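Written out below as structure tokens is the structure these notes cover.
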Number of protein chains: 2
Amino acid sequence: MPSFRAPVADSLFLLNDVFRMQDHGDLPGYAEASPDIVAAVLEEAAKLAEEQLQPLNLPGDQEGCRRNEDGSVTAPKGFKAAFDAYAGGGWIGLPFDPEYGGQGLPYALSVATAEYFIAANVAFSMYPGLTAGAVAALLTHGSDALKRLYAPKMLEGRWTGTMNLTEPHCGTDLGLLKSKAIRRADGSFAITGQKIFISAGEHDLAENIVHLVLARIEGAPAGVKGISLFLVPKFLPEASGEVGARNTVSCGSIEHKMGIHANSTCVMNFDGAVGWLVGEENRGLNAMFVMMNEARLMVGLQGLAVSEAAYQNALAYARERLQGRALTGAKNPDKPADPLLVHPDIRRTLLEIRTINEAGRALAYWAALQSDIAHRSADAKARETAADLLALLTPVIKGVLSDRGFDNCVKAQQVFGGHGYIVEWGMEQFVRDARIAMIYEGANGIQALDLVGRKLPANGGRAIMALLGEIGGYIKAKDSDAALKPLLGPLSASLGHLQQATLWLMQNAATTPDNAGAAANDYMHLMGLVVMGYLWARMAEAAFADADPAHAGLVAGKKACATHYVQRVLPETALRLARIASGAANVVDLPAELF
Amino acid sequence: MPSFRAPVADSLFLLNDVFRMQDHGDLPGYAEASPDIVAAVLEEAAKLAEEQLQPLNLPGDQEGCRRNEDGSVTAPKGFKAAFDAYAGGGWIGLPFDPEYGGQGLPYALSVATAEYFIAANVAFSMYPGLTAGAVAALLTHGSDALKRLYAPKMLEGRWTGTMNLTEPHCGTDLGLLKSKAIRRADGSFAITGQKIFISAGEHDLAENIVHLVLARIEGAPAGVKGISLFLVPKFLPEASGEVGARNTVSCGSIEHKMGIHANSTCVMNFDGAVGWLVGEENRGLNAMFVMMNEARLMVGLQGLAVSEAAYQNALAYARERLQGRALTGAKNPDKPADPLLVHPDIRRTLLEIRTINEAGRALAYWAALQSDIAHRSADAKARETAADLLALLTPVIKGVLSDRGFDNCVKAQQVFGGHGYIVEWGMEQFVRDARIAMIYEGANGIQALDLVGRKLPANGGRAIMALLGEIGGYIKAKDSDAALKPLLGPLSASLGHLQQATLWLMQNAATTPDNAGAAANDYMHLMGLVVMGYLWARMAEAAFADADPAHAGLVAGKKACATHYVQRVLPETALRLARIASGAANVVDLPAELF
């Protein structure tokens, strides 16, 4: 049976020593998040993740969700009680406005706890995760009436949320969507259509389910400019706010999937279901993007979180499993063999996973801090800068952390040899569960196109220029720091690769858009590598400044991981640049029939 | 439902135009393998693979194998009939000595057919594949009596074979194995012990199962020098050669696995089972290595084959699925959207899979040709050179083709977006099935150590020097070929990286063995990249020499793939070299407790 311990010490290191939350006391919620409160919140989250969610992970995968004859869906055993504990702990509302029942704490802190919950049980974490995302969209774009009626119950976990975008003939290309909304006399709408791949679309964890649904109001323009967003509850609320009549939305079937078996992936049928407009007519995608952007951060976090769980189990196996002898002579002469951990190739594998995980965690927290600044700062310029960076980093976090997280799970599974392929050991579940993160909330190819096609050119390249400037400025500022020198040299070279690639895109993509398409994936990974390299330098700087002997282990670990990163991960930027600069010609010139 | 078409045209291109089987008429079996015979054999294999094996692939995965209360195992529906057709077609014996019922045809031809069978149904193909491997070991090391009694029935497919190495406490480290053999009065042995992860260990496809089992004769030395190989049949043959009494070997349970559900992976219990020594006492590993080396080639082929099947389905989906518009304007203006195949990122993905597949196929055939020369040539020097190359390439084929094949399956699955995650579409099965190839027959970390620790230094580095010489000589010889120039420049640079890495290992691994361990995986991939680059140059050369207008499509495809390879795959050699040259220090210095 796999196990999991939440990486609380690393979270505290990042929040306190690297990103210095205490320096952001001007942001609402940050003053309340004193170091001892932060530590207490993280410890509580760890307890819930380790003791209640993780034990349900393997059995939940085995049992899966069951759709009953009446269209109801039963989640695996124990999920309802775990969800009640999760909701009861106030975890859904942690970063939300107290006006709607939230706790108003930093989103950065919420992201830290989310990683623990996801690592413990990715399928479970999607139920509350989607609920939080739906509330975020509602609070940004919903009417006051909708906000007051729905948000508090959702933050309490009495009602959960979903996002309904995909239809059988359209996933990425939402302009094709056919679901219809017909205006009713009372100002509500009747929604009709079929949605597929709806995570948590139907289940027995909550008394109501609130669907956010994209549909086209009759007479609306074709394409993405005629799409509106609607709130469609499973049960229509009474005047009292309690659930009333059943709405005409139902789960037609659930999918058989590679993984995340314990989360119900539903075909949802809307048969004139009553719904209310969220945001403006025909601006539904805009409203849904609030939920999507938050979901994309969470999906990137999934890649990281499952990878962290996989790492911990691979490490435990490498310590316990006795097989072979160290190349330098027996390390365990009294036993029949040495532990796997003596072998350099196993150590290399583990360090590769860990160095990505720790950089990925830093990246997720850094983005969450930008989100807090963008949403809470009183300084308009600071808000703009943070929003720019967050928008730029969102596709990178989603695409790179999910790609790398999946690769890491495969590497961790490999440490187990044959046992890695056997269900009971739990490693193959990590691989199957991590796989979805590369696909949903916009497949990673779409993330890459979003980055090069929208985020780079936005506002004349303001965001990318700021990012390049920040990293370049950091390298210059730390130039005389001897301890950081072995890291900053390689980082500087890789930053140069990112600059060259950006310039190449500016020069070659405007006239020949295919050059952007053929380069997108590599550019996304190149940016991810450089940003994680920058964050490794900042983590190393913070660790090296820590003279507390009690932290010597953390410091040595950070040093080894940072070194591993610049020696063995960061050199990949040259490869990415070479691929980008090779251009689109060979890729697009081959006639379709010759593939 | 996924589909599959055997790549017969590519096989013929490789066998006839690149490796020129017709120039090896001196090798027994090659004269018989005239171009029309080769084409006919490949067409027959394609028919069997496409029409009988492939339709069982998805249902076989769903149904899986069932162990019954009496310890018997039932393979999925249709497998018995398919196995009878396979055996009846003489496919198991294709490359074997006619004296034992084989057809004596080239092993290279057998490898080509094996790819089709595996691509159609990897779980199925393991039953005959292991049988062929067991016969190869038996014919090399078995006594005449054993060979005459067992080999013909196994080549007919009336009896199947298995390999029994792993025990619960030892996989890689066979020196730890505990299974015991006690000498019986009649010269046979009584074998007692438990083996795990035994593929095809029990099933209902054949009337008898012949286990090749590693065990320790009482009084034998400890470690690997005390291991002997035994043949242990499920049913003891009567004097007539027909099956008689049941032997005391049985299947205790079958594993729940990530994939290859239709192949039974058994715990086998030997309770004083009667067995006969194969080869010399205490030289069992040596005898088993005949089977293991053949199995390693087959496992590399699995990576390639599943990747080929995955590619074909991703391509079909990319042609059919309408989603989004080309960056350069609508290609399909009458339809609501363009096919996925217009998008450069999809084309890039497909070309990346295909260029590895076609190079991997060339590599497998090239190795098979070396095997034929090593086993059949009358020229001792030619045999030695071919055996050197085969030994060097075996871990590369196993490790690189399985790693790359799995990655390719993941890429192909990604083309399907959300549908890639849904069981019914079949793409996630390719990923799950391909995953095992990286693990079994020696996990890929072990392949890499075999390469740097055994194969490189063997005979004073004779094999690697010959390989470097061959590729360098080829580049020099083709120096003035203008059409090949764009390929040979990058190949020359990458060959330089392989030379530098080899030199680095010679200088740094002897004194500090950890440097070999930490470099092994990257070195294996570096060699694979360079060898595949060399084979791309040879394929391009052969294609460019083909002026037949009917082959224009093949030629253009080869040119695009070769170009893609040198532009976007081969530059990875610089990254591999940088990783190798970073050395082991940082990897091995971190104390175990700080991981």
Side-chain angles (χ1 to χ4, degrees), chain A residues 166 171-173 176 197 255-258 315 323-324 327-328 336-337 341 343-345 347-348 350-351 414 417-418 420-424 428 436 438-440 443 445 448 513-514 517-518 520-521 553 556-557 560 563-564 567-568 571-572 574-575 578-579 582 584 586-588 590 592 594-595, chain B residues 166 171-173 176 197 255-258 315 323-324 327-328 336-337 341 343-345 347-348 350-351 414 417-418 420-424 428 436 438-440 443 445 448 513-514 517-518 520-521 553 556-557 560 563-564 567-568 571-572 574-575 578-579 582 584 586-588 590 592 594-595:
Chain A
T166 305
T172 297
D173 190 356
L176 303 177
F197 300 157
E255 303 284 359
H256 304 106
K257 309 186 299 289
M258 183 182 195
L315 175 59
Q323 204 77 180
L327 295 169
T328 47
L341 191 53
H343 302 297
D345 189 57
R347 293 176 144 247
R348 173 195 66 76
L350 290 170
L351 278 173
Q414 190 72 12
Y421 204 66
I422 305 298
V423 170
E424 287 78 1
E428 61 90 41
I436 189 60
M438 297 157 73
I439 298 174
Y440 63 11
D514 283 335
N521 179 271
T563 304
H564 195 93
Q567 286 184 344
R568 290 176 178 258
E572 191 184 312
L575 171 62
R579 288 166 53 93
S582 72
N586 187 62
V587 171
V588 298
L590 189 67
L594 294 186
F595 268 77
Chain B
T166 305
T172 298
D173 189 356
L176 301 177
F197 300 156
E255 304 285 359
H256 304 105
K257 309 186 298 289
M258 184 182 195
L315 174 59
Q323 203 77 179
L327 295 169
T328 48
L341 191 54
H343 301 297
D345 189 57
R347 293 178 144 247
R348 173 195 66 77
L350 290 170
L351 279 173
Q414 190 73 13
Y421 204 65
I422 305 297
V423 170
E424 287 78 2
E428 61 91 40
I436 189 60
M438 297 157 72
I439 298 173
Y440 62 13
D514 282 336
N521 179 269
T563 303
H564 195 92
Q567 286 185 344
R568 290 177 178 257
E572 191 184 312
L575 172 62
R579 288 166 54 93
S582 72
N586 186 61
V587 171
V588 298
L590 189 67
L594 294 186
F595 268 77

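Each chain gets a letter, A, B and so on, in the order the sequences are listed, and its residues count up from 1. Just so you know, these numbers come straight off a predicted model, no measurement behind them.
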Per-residue tally against chain B (heavy atom, under 4.5 Å) across V588(A), T328(A), V587(A) peaks at V587(A)
To the nearest 0.5 Å, atom CZ of R579(B) lies from atom CD of E572(A) at 8.5 Å
If one checks every heavy atom of A574(A) against chain B at 4.5 Å, the contacting part turns out to be neither
Taking every heavy atom of Q323(B) against every heavy atom of L176(A), the minimum-distance pair comes out as NE2-CD1, 4.0 Å
So, the part of I439(A) with a heavy atom under 4.5 Å from chain B: the answer is both
Residue from A448(A), A520(A), G420(A), P513(A) scoring the most non-hydrogen pairs under 4.5 Å with chain B is P513(A)
Honestly, the part of A518(B) sitting under 4.5 Å from a heavy atom of chain A is both
Across all chains, not counting sequence neighbours, the ring-ring contact (aromatic ring centres under 6.0 Å, His included) partners of F197(B) are H419(A)
E424(B) and H256(A) have their tightest heavy-atom pair at OE2-ND1, 2.9 Å
| task | State whether the side chain of D173(B) and the backbone N or O of G324(A) hold a donor-acceptor pair below 3.5 Å, judged by distance alone. | result | yes
Minimal heavy-atom distance between G445(A) and D345(B), with the atoms involved, is CA-OD2, 3.6 Å
Under 4.5 Å to a heavy atom of chain A? For H343(B) that would be neither
Hey, is the main chain of A584(A) close enough, under 3.5 Å, to the side chain of R347(B) for a donor-acceptor pair? no
Whatever's closer than 4.5 Å to a heavy atom in chain B on I436(A) counts as both
When the 4.5 angstrom heavy-atom criterion is applied to L594(B) and chain A, the contacting part is both
* Asked: Got R568(A) and N586(B) here, is their nearest side-chain heavy-atom distance under 4.5 Å?
  -> no
Closest non-hydrogen atoms of A556(A) and L590(B), given as atom of the first, atom of the second and distance, are O-CD1, 3.8 Å
Turns out that what part of A443(A) lies under 4.5 Å from chain B's heavy atoms comes down to both
Scanning both residues in full, the closest heavy-atom pair of L351(A) with F595(B) reads CG-CE2, 3.9 Å
The reported gap from CD in E255(A) to OH in Y421(B) (rounded to nearest 0.5 angstrom) is 12.0 Å
Applying a strict 4.5 Å limit to non-hydrogen atoms, the region of I422(B) in contact with chain A is both
If one checks every heavy atom of L327(A) against chain B at 4.5 Å, the contacting part turns out to be both
